Amino acid sequence: MSSTTDTPPGATEERDLGAAGAQLSTAPAEETAQPVPGSFGGVRAPGRRGAVAWWGREITGWLRWMWRQLTSMRVALFLLFLLSLAAIPGSLIPQTSVDRVKVADWQKAHSSITPLYERLGLFHVYSSPWFSAIYILLFTSLAGCIVPRSWQFVGQLRSKPPAAPRNLTRLPAYATWRTDAAPEKVLQSAQRVLRGRRFRTQIVGTAVASEKGFLREAGNLLFHIALFGLLVSFGVGQLWKAEGGKLIVEGDGFSNTLTQYDDFSPGTFYGAKDLNPFGFTLDGFTASYARSGSDKGTPRTFRANIHYWNGTNGTEHKSSIEVNKPLDIEGSKVYLIGHGYAPVVTVKDGQGNVVYQGPVAFLPQDSNLTSVGVVKVPDAKAKNGTKDQFGFTGIFTPTFALNNTQGPHSSFPALDYPALILTAYHGDLGLDSGIAQNVYQLDTTHMKQFKDAKGNIVSKAMKPGETLTLPNGAGSLTFEGVKTWASFQISHQAATGWALASVVTMILGLIGSLFIQRRRVWIRTTVGRDGVTVVELAGLGRSESARIADELGDLVDVLASQTAPPVAEPEPAAESEPDLEQAKPEQAKPEQTNPELANPEQAQPESDDEGARA
């Protein structure tokens, strides 16, 4: 007998599995959007008497709905993607927190679009309100997702494996056989084997319930917690961060004080008073370049040789700084970011006095270190004793070359044939106005070029040891030699160790969540009608995988070989060969009411008349 019901497809299977088919993950189930109770859900608002309570329920309902959306996986992934997109402008556009000089140069070159970028905060992306909003929303979303899943996972760890479902044949992996072993002995042996394979087990009725693979969910939660920790580390790092730049000529030193920096960007909670007391001196710079081939001019060695000290009375230590190999001193890191040359010049005024002497850093403009720079001399005097100021501008080439296309330039970055080409000015440098100036640029607004008796501009290309003589006895400039310089970025950023630990933990958690499978195995024993024990094994995994079937096969082999050897299925009872003659059914004979019809041959008519009478 059979019957039909209106049960929807899959409902019977879900009812049969019960707790055994419960979700094998702590990930929240996706819920379809439901209308919030209230006016938008079709419920009429009450009168004045219950208006306050009604509005309270209405607002609470909307807040719960918004919280569920914010903590959903879809929104978290969307915010993570949005944060990645928001970081792109910070990589393409110069940032004030990194290099204010580059920002100023960029703004000067793109003056038309600069006002729009400033309104959007694209020159300080990582501290802009819109980036902070995305960051905080993602932070909140992760927190709201991690906390309930962690409690749920703790509950799963404390709970026992669910009892076996009623019908094990519905599970994706299933095996059965018959054995003469006692059911209790099979269950105890099965429990012992499962525990040896690190399954959590319990005997419920006539079945052993077991569960394994909790490290998968632990890895999943660990990944999310580490991502949360990484966001916290970045936030702390930005709040307790300070960066500054310093260009140091060979032989000069640096002390970690505000006045020593060329530029300095303090953090929200880290300023000049928090700087660590340390310093270092640039002893020299080692650089070598490829001399031939397609890589000609490519640096082979790029190293700043220094000695540093830590603390006011610290001992000096020799060390070196290379690209991607910073010097770490008490939480502050010193990075090597640039290299160039500083021609050494001696300037005399019209009185014959040395008014300037020393190296002047020139800034590279190409890969061959063709460099530009200026020499400012504010304390010169003219031949008649009146106060005057000198300014020299030009280029320095470590390996001098000249052609009609590029003019004077460097053909190689090493000091093979150094040359200094300068043009001289005199007048007012503008230093007394109180307005800050770029030390690498010369303001010629109130200055005039020196010209000789023929009206030609005074300019000269000099090798080391040569002198540029100014007309009318105004003075001279001598090119003494060349020193190297290196530019450094001194950075203090907290929680870098936390960030590294979070990244490593994220990788470990991701490996666990990808390669560990959560599964449940049940072994049931029943006694058949013939008194023989029937053993059933079934397994259920979080996802369809051949591993659960292979593991179930191994369990079958162990149990069948050690405790419950299979017995043959009972053969059906042998039946004697049937007698074909006796088995032949009798032919049905019609009821004889007319004697003449008893013999068909006699019943045939002898003539047409007889047939007609019949």
Side-chain angles (χ1 to χ4, degrees), residues 101 104-105 108-109 247 249 262 340-366 369-398 400-402 406-410 418-483 485:
V101 176
D105 294 340
K108 185 177 180 180
L247 187 148
V249 178
D262 294 333
Y341 295 105
V344 181
V345 298
T346 299
V347 180
K348 295 182 179 181
D349 62 4
Q351 300 289 320
N353 300 320
V354 176
V355 289
Y356 184 88
Q357 187 175 32
V360 181
F362 276 51
L363 302 182
Q365 303 298 305
D366 56 30
L369 300 186
T370 303
S371 307
V372 298
V374 299
V375 181
K376 298 181 181 181
V377 185
D379 299 323
K381 290 185 178 180
K383 188 176 182 179
N384 57 9
T386 60
K387 184 178 180 180
D388 199 3
Q389 293 182 342
F390 296 159
F392 303 87
T393 181
I395 65 174
F396 171 78
T397 60
F400 179 77
L402 180 65
Q406 297 176 275
H409 64 281
S410 177
L420 179 63
I421 303 98
L422 292 179
T423 301
Y425 294 80
H426 68 103
D428 183 9
L429 292 171
L431 300 177
D432 299 331
S433 63
I435 301 175
Q437 288 189 3
N438 190 333
V439 295
Y440 304 107
Q441 295 179 354
L442 181 65
D443 183 5
T444 60
T445 305
H446 304 288
M447 304 192 76
K448 295 181 180 180
Q449 285 184 304
F450 279 102
K451 295 183 179 180
D452 58 16
K454 297 181 179 180
N456 297 322
I457 296 174
V458 175
S459 179
K460 184 177 181 180
M462 298 174 286
K463 295 186 293 183
E466 295 185 346
T467 300
L468 169 64
T469 302
L470 301 178
N472 302 322
S476 64
L477 182 146
T478 303
F479 179 23
E480 305 285 355
V482 182
K483 286 187 175 183
W485 61 259

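Computed from a prediction, not measured in an experiment: that's the story for all the values here.
Applying the salt bridge (Lys or Arg N to Asp or Glu O under 4.0 Å) criterion to Asp262, with sequence neighbours excluded, gives Lys246. With sequence neighbours excluded, no residue forms a ring-ring contact (aromatic ring centres under 6.0 Å, His included) with Phe362.
Partner Tyr425 forms a side-chain contact (heavy atoms from CB on, under 4.5 Å) with one of Gln389, Met447, Lys448 and no other, that one being Met447. Tested against Phe392, the residues Val360, Val347, Leu442, Val374 include a single side-chain contact (heavy atoms from CB on, under 4.5 Å) partner, Val347.
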Under 3.5 Å, which donor-acceptor pairs do the side chains of residues 467-479 form with other protein atoms, sequence neighbours left out?
residue : atom : partner : partner atom : Å
Thr467  : OG1  : Thr478  : OG1          : 3.0

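Atom-to-atom distance recorded for Leu429:CG and Thr444:OG1 is 10.5 Å, nearest 0.5 angstrom. A distance of 12.5 Å separates NZ in Lys387 from CG in Asp349, rounded to the nearest 0.5 Å. Between Ile395 atom CD1 and Leu363 atom CG the span is 13.5 Å, to the nearest 0.5 Å. With rounding to the nearest 0.5 angstrom, the NE2 atom of His426 is 6.5 Å from the CG atom of Asp388. Between Tyr440 atom OH and Lys376 atom NZ the span is 10.5 Å, to the nearest 0.5 Å.
Scanning both residues, Glu466 and Met462, for their nearest heavy atoms gives OE1-CA, 3.3 Å. Of all non-hydrogen atoms in Leu369 and Pro364, the two that sit nearest each other are CD2-CB, 3.7 Å. For the pair Ala342 and Trp485, the tightest heavy-atom approach, listed with the atom from each and the gap, is N-CD1, 3.8 Å. Across all non-hydrogen atoms, the minimal contact from Leu431 to Pro378 is CD1-CB, 3.9 Å.
Under the 4.5 Å side-chain criterion, counting only non-hydrogen atoms from C-beta, Pro398 is not in contact with Pro418.
Classification of the Phe450-Phe390 ring pair by plane angle, with boundaries at 30° and 60°, yields perpendicular.
One N or O on the side chain of Gln351 and one on the backbone of Lys383 form a donor-acceptor pair closer than 3.5 Å. Within the 3.5 Å criterion, the main-chain N or O of Leu420 finds no donor-acceptor partner in the side chain of Lys460. In this structure, the side chain of Ser410 does not engage the main chain of Phe400 through any donor-acceptor pair within 3.5 Å. A donor-acceptor contact shorter than 3.5 Å is absent between the side chain of Asn353 and the backbone of Val355.
Open room surrounds NZ on Lys348; 12 or fewer heavy atoms of other groups in view lie less than 6.0 Å from it.
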